[in-house]
Amino acid sequence: MNNPVLLAVDDDAQVLAAVRRDLRSRYRERYRVMSAASGEEALATLRELKARGDSLAIVISDQRMPGIQGTDLLAQSLELYPMARRVLLTAYSDIDAAIRAINVAHLDHYLSKPWDPPEECLFPVVDDLLDGWQADYLPETNGLRLVGHQWSPRSHAIKDFLAGNLIPYRWLDVARNPETAILLDAAAVTSADLPALFFEDGSVLRNPEPRQVAERLGRSLSAALDLYDLVIVGAGPSGLAAAVYGASEGLRTLLLDRHAPGGQAGSSSRIENYLGFPAGVSGSELTRRAVAQAQRLGAELIVPLEVTGVSIDAGYKRLTLSDGREVVSRTMLIATGMEYREHPASGIATYVGAGVYYGAAMTEAPAFRDRRVLVVGGGNSAGQAAMYVARYAKEVQIVVRRDSLRETMSHYLIEQIEKTPNIRIRTAAELESVEGSGQVERVSLTLNDGTSQREDVDAVFVFIGTRPRSDWLLEGVLRDARGFVMTGRDLSADATFARIWKERREPMPLETSIPGVFAAGDIRAGAMNRVASAVGEGSMVVRFVHEYLTLN
Ligand SMILES: Cc1cc2nc3c(=O)[nH]c(=O)nc-3n(C[C@H](O)[C@H](O)[C@H](O)COP(=O)(O)OP(=O)(O)OC[C@H]3O[C@@H](n4cnc5c(N)ncnc54)[C@H](O)[C@@H]3O)c2cc1C
């Protein structure tokens, strides 16, 4: 198989020669560096590569070229190579064009000319983009293959686990890929064994649990130490940030997650308001970076492992795990965020994982190519999901109870949605029921005049009704009426606080009603529900952990 391609495009022969030279000097061992002198030539090259089944990792194009301009070329390359990374070479005066191109061309980076020295200005950017591309890339002939039925909740659970844990795999729906019959026969895998996960060495896991997959992939599922300084429950943005700071400041830090690192943010197709990412960043990319950073600094991560309870033993925090074991720590951070509540529509529970998905738009969207999809909810998460699913589906309807999206969704997303021809917004409507036989086939909507309307759809993605994940906590951790964990000064407003709190000092900011137990991110009463604020709180908490450890 040919190495993946890095394509450089510029009409200025000197600049093109310089990009080619720099790229070759560093990447020629693992990539083929190709070049084109115009947008037209580049498109012809891309079509040829596609026809040969070659992979494209990055296209780096100059903006100002006669004929097809850089941003148009990059936008057109999306159709041929949606996963490739796109870089625009800009002069200072082109930066506005580059910013405009972020949405149209899914630009990953714009690079100012000249890029000297390449060790500082070019290679770090390209290294980073290649890391991200490699994480998503799976060569045609090897890697993990998951074979199953699209409408099976078990298949969905494994897909969601693999995608959430950033493990590249190829999904093969038995109904759509007749060639899977040969694969299944050869390994004597029957229909009852599905979903089945095929490994590169020919071995197969039949109808596995996520935990078995993690074990088979060589992940450690037991804690390395008897005692930690900080155990973080939940590896969303707040937990990951706490792990980075905790480990970097020398704390023995353990991070646990019941499902996958990244939390809610990990399921976002594009976070556009997180500082430092002008082109936006996908939740999986942000997670990949954060996990690498936390682990490099020495944090221990165990996934999937759920914390089911906690007790306090002479100041030590004893956490009970879903595998029956325990971990002990001097302090603990609750960073368990929120999850979607079950939607009350009639029949909906029957189809969870079989056409009804809570969150999970990134995992399942490709399965709904050319189909009709409903997205329920009016927040940013629903807006992002609709934009992502619309890349694949024939038609996406956003169903929202209010009269407009303006109060609940960011302006930039509303604008993007309005410009997307295959998205339709159904305001003042509610999902009433979901029907089908074995899979979602249609829904009923209640409109604000009290009438009902039936619609044929193939999938329903639900993005409403979040609830805090705090029911596993011990009673002494005070929560507000909705179940969010109270911290710091807010605690004194609770009538039972004075009875529970036995310390001479006030609780520190982000400390709960149990000394040395902290809370950060969406789980905390009064949280901002943003990636940046979750990261901020997770980072801050480590300072208070130090203070607690000094006092105790
Ligand atoms: C689709 C989507 C798009 C979004 N887009 C944006 C955006 O563009 N910009 C923005 O600022 N915000 C966005 N948000 C909001 C943002 O993602 C959240 O505010 C943020 O993720 C909260 O982080 P957190 O760490 O507090 O909790 P979470 O992200 O909810 O993570 C909590 C983690 O805890 C784990 N967990 C729960 N219970 C247990 C347990 N008992 N044991 C072990 N682990 C457990 C969960 O598996 C999860 O991984 C979006 C949210 C969604 C759902």
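Here, residue 1 is the first one in the sequence, and each next residue gets the next number. Only heavy atoms go into these numbers, but all of them, side chains included; no hydrogens, no water, no symmetry mates.
Arg216 forms a cation-pi arrangement with Phe199, by the criterion of a distance under 6.0 Å to the ring centre and an angle within 45° of the ring axis. Annotation: cation-pi geometry satisfied between Lys50 and Tyr81 (NZ/CZ under 6.0 angstrom from ring centroid, within 45° of ring axis).
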- Message: Under the criterion salt bridge (charged side-chain N to carboxylate O under 4.0 Å, His left out), I'd like the reasoning laid out for Glu395 against Arg371: C-alpha separation, chi angles, the key distance, then a yes or no.
- Response: CA-CA 7 Å; Glu395 185 191 296; Arg371 298 191 186 198; over 6 Å; no
Before you tell me yes or no, could you show the steps for Asn380 and Ser410 under side chain to side chain donor-acceptor pair (under 3.5 Å), namely the whole-Å CA-CA distance, both residues' side-chain angles and the distance that decides it to 0.1 Å?
CA-CA 6 Å; Asn380 281 356; Ser410 295; 2.9 Å; yes
Notebook entry, point to check: Between Tyr110 and Gln63, does a side chain to side chain donor-acceptor pair (under 3.5 Å) hold up when you go through it step by step?
Noted result: CA-CA 10 Å; Tyr110 55 86; Gln63 166 62 359; over 6 Å; no
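Between the side chains of Gln416 and Glu272, at least one donor N or O sits under 3.5 Å from an acceptor N or O. Between the side chains of Ser282 and Arg270, no donor-acceptor pair is found at a separation under 3.5 Å. Using modelled atom types, one finds no donor on one side chain facing an acceptor on the other under 3.5 Å when comparing Thr446 with Glu430. Residues Gln150 and Glu364 bring a donor and an acceptor atom of their side chains to less than 3.5 Å of each other. Side chains of Asp127 and Tyr27: a donor-acceptor N/O pair is present below 3.5 angstrom, by distance only.
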Under 3.5 Å, which donor-acceptor pairs do the side chains of residues 459-470 form with other protein atoms, sequence neighbours left out?
unit_1, atom_1, unit_2, atom_2, d
Arg467, NE, Glu339, OE2, 3.4
Arg467, NH2, Glu339, OE2, 2.5
Arg469, NE, Glu339, OE1, 3.2
Ser470, OG, Gly483, O, 2.6

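Legend: residues meeting ring-ring contact (aromatic ring centres under 6.0 Å, His included) with Trp472, ordered by chain and number and at least two apart, are absent.
No more than 12 heavy-atom neighbours from other residues, nucleotides or ligands sit within 6.0 angstrom of CZ on Arg401. Around atom CD of Glu215, more than 12 heavy atoms belonging to other residues, nucleotides or ligands sit under 6.0 Å away. Surrounding CZ of Arg424 are more than 12 heavy atoms belonging to other residues, nucleotides or ligands, all under 6.0 Å away. More than 12 heavy-atom neighbours from other residues, nucleotides or ligands sit within 6.0 angstrom of CZ on Arg442.
Of the candidates Val233, Ile232, Ile302, Leu254 forms a side-chain contact (heavy atoms from CB on, under 4.5 Å) with just one, namely Ile302.
Between Ile423 and Ile398 the shortest side-chain heavy-atom distance falls below 4.5 Å.
For Arg426 and Glu455, the salt-bridge test passes: some basic side-chain N is under 4.0 Å from an acidic carboxylate O.
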